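Worth saying up front: this structure is predicted, and the values here are computed from it rather than measured.
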Amino acid sequence: VSKSQNDTRALFFVDYRSASIAIKGMADDFVLEKPELKLALDLDSQALKHFVQSVNAQTQQNNGSISNPETLVPMLSKITEQGIKFDIEKLAISSKGETIEGLAKLQMAPFVLAEIQLDRQAVLKKLDLNAELTIPKKFLEMMPGYNAQQFGFFVGMGFLLELELSLIHI
């Protein structure tokens, strides 16, 4: 994780890679091979600084906790009022030779959180999302609890697009 900051924007970068991740607690352990995540988050620098300072002050006054979480809403709103960018430059996860790959670019136009609290659908008007995710069918079939009927439902509803017999593209 790294951070870059100028007078107006705070940029956070994550570049995560691992040899594997084991998910335990299922009938069979599920191992994800070579997980990779590269992302960037772009926030207003001054609003973020004010938010962090306010949270720190509240937690110092209340033995490490925030007594009223509602006090965070106006501070978070200061961040959203300046717009947010979130990019997933690379997402890759493999298992048994099958690989999920994806990327996404999300830009949120400036908005006040109170607007969204009153009308949750209003946030959709503020989003500009371009995303691509490719999932091999064999990967889906390996997932614990995979249900082919649910897959067909999501294709039928247009949430998933079946490009080939072996790939699902969102």
Side-chain angles (χ1 to χ4, degrees), residues 1-26 29-95 99-135 139 143-145 150 154 157 159-160 170:
V1 177
S2 63
K3 179 181 103 168
S4 171
Q5 187 171 343
N6 62 35
D7 291 341
T8 59
R9 306 303 291 179
L11 307 170
F12 298 89
F13 305 96
V14 174
D15 191 356
Y16 173 82
R17 293 183 184 111
S18 177
S20 66
I21 296 175
I23 302 172
K24 300 184 184 266
M26 300 179 217
D29 289 347
F30 191 70
V31 178
L32 300 174
E33 302 153 358
K34 301 178 192 167
E36 186 174 351
L37 177 63
K38 187 173 186 178
L39 60 88
L41 177 63
D42 177 341
L43 304 170
D44 180 76
S45 185
Q46 292 303 315
L48 180 62
K49 181 179 177 180
H50 175 70
F51 176 77
V52 170
Q53 288 172 341
S54 297
V55 167
N56 286 341
Q58 285 187 34
T59 56
Q60 286 175 356
Q61 293 171 358
N62 296 305
N63 297 323
S65 66
I66 296 173
S67 60
N68 182 3
E70 284 295 314
T71 61
L72 299 178
V73 173
M75 292 180 279
L76 285 170
S77 192
K78 294 290 184 196
I79 295 172
T80 64
E81 289 172 18
Q82 303 304 316
I84 297 171
K85 291 182 184 176
F86 183 75
D87 293 340
I88 297 176
E89 297 172 17
K90 183 170 186 173
L91 170 67
I93 304 168
S94 299
S95 186
T99 302
I100 294 174
E101 294 181 298
L103 54 92
K105 293 195 177 291
L106 171 68
Q107 185 161 344
M108 297 181 76
F111 66 95
V112 177
L113 280 177
E115 295 173 21
I116 305 305
Q117 288 176 312
L118 295 174
D119 177 12
R120 300 215 188 268
Q121 296 297 315
V123 75
L124 297 177
K125 296 174 188 171
K126 304 292 184 179
L127 299 178
D128 181 13
L129 173 66
N130 292 311
E132 189 174 302
L133 181 65
T134 304
I135 307 170
F139 191 100
M143 297 294 295
Q150 287 178 339
F154 288 118
M157 293 297 291
F159 294 116
L160 300 177
I170 300 173

**Q** Less than 4.5 Å apart, any side-chain heavy atom of Val14 and any of Val1?
**A** yes
**Q** Considering only heavy atoms from C-beta outward, does the side chain of Leu43 approach that of Phe51 to under 4.5 Å?
**A** no
**Q** Taking only distance into account, with no hydrogens and no angle test, what donor-acceptor pairs under 3.5 Å do side-chain atoms of residues 31-38 form with protein atoms, sequence neighbours excluded?
**A**
{"unit_1": "Glu33", "atom_1": "OE1", "unit_2": "Lys96", "atom_2": "N", "d": "3.3"}
{"unit_1": "Glu33", "atom_1": "OE2", "unit_2": "Lys96", "atom_2": "N", "d": "3.3"}
{"unit_1": "Glu36", "atom_1": "OE1", "unit_2": "Lys90", "atom_2": "NZ", "d": "3.4"}
{"unit_1": "Glu36", "atom_1": "OE2", "unit_2": "Arg17", "atom_2": "NE", "d": "3.2"}
{"unit_1": "Glu36", "atom_1": "OE2", "unit_2": "Arg17", "atom_2": "NH2", "d": "3.4"}

**Q** Among residues at least two apart in sequence or on other chains, which ones pass side chain to side chain donor-acceptor pair (under 3.5 Å) with Ser94?
**A**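 Residues passing side chain to side chain donor-acceptor pair (under 3.5 Å) with Ser94: Thr99.
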**Q** With Gln107, which residues qualify under side chain to side chain donor-acceptor pair (under 3.5 Å), at least two apart?
**A**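 Once residues adjacent in sequence are excluded, Gln107 has no partner under the side chain to side chain donor-acceptor pair (under 3.5 Å) criterion.
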**Q** Quick check: closest heavy atoms across Asp7 and Ser45, and the distance to 0.1 Å?
**A** O-CB, 4.1 Å
**Q** Rounded to the nearest 0.5 Å, how far does CG of Leu124 lie from CD1 of Ile116?
**A** 8.5 Å
**Q** With a 3.5 Å distance limit and no angle check, can you tell me whether Ser77 reaches the backbone of Pro74 through a side-chain donor-acceptor pair?
**A**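 Answer holds: no.
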**Q** Rounded to the nearest 0.5 Å, how far does CD1 of Ile135 lie from CD1 of Ile100?
**A**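 Between atom CD1 of Ile100 and atom CD1 of Ile135 there are 5.0 Å.
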**Q** Identify the heavy atoms of Ala109 and Phe111 that sit nearest to each other, and give their distance.
**A**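 Closest approach of Ala109 to Phe111: O-CD2, 3.2 Å.
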**Q** Carefully, step by step, assess Leu11 and Asp42 under the rule side-chain contact (heavy atoms from CB on, under 4.5 Å).
**A** CA-CA 5 Å; Leu11 307 170; Asp42 177 341; 3.3 Å; yes
**Q** Measure the shortest side-chain to side-chain distance between Ile93 and Ile21 over non-hydrogen atoms and say whether it is less than 4.5 angstrom.
**A** no
**Q** For Ala114, give me all partners under side-chain contact (heavy atoms from CB on, under 4.5 Å), at least two apart in sequence or on another chain.
**A** Val112, Gln117
**Q** At what distance, to the nearest 0.5 angstrom, does CZ of Phe13 lie from NZ of Lys3?
**A** 12.0 Å
**Q** Could you tell me the separation between the CZ atom of Phe86 and the CG atom of Leu127, rounded to the nearest 0.5 Å?
**A**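 That separation rounds to 12.5 Å.
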**Q** Under the side-chain contact (heavy atoms from CB on, under 4.5 Å) test against Gln82, which residue among Met108, Gln46, Arg9 passes?
**A**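 Considering Met108, Gln46, Arg9, a side-chain contact (heavy atoms from CB on, under 4.5 Å) with Gln82 is found only for Arg9.
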**Q** Can you list every pair that meets salt bridge (charged side-chain N to carboxylate O under 4.0 Å, His left out) and has a residue in residues 100-119, with sequence neighbours left out?
**A** Asp87-Lys105
**Q** Applying side-chain hydrogen bond (donor to acceptor under 3.5 Å, both in side chains), which residue pairs with at least one partner in residues 47-67 are found, sequence neighbours left out?
**A**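 Counting only pairs at least two positions apart or across chains, the side-chain hydrogen bond (donor to acceptor under 3.5 Å, both in side chains) contacts touching residues 47-67 are Gln58-Thr71.
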**Q** Roughly how far, to the nearest 0.5 Å, is CG of Leu39 from CG of Leu91?
**A** 9.5 Å
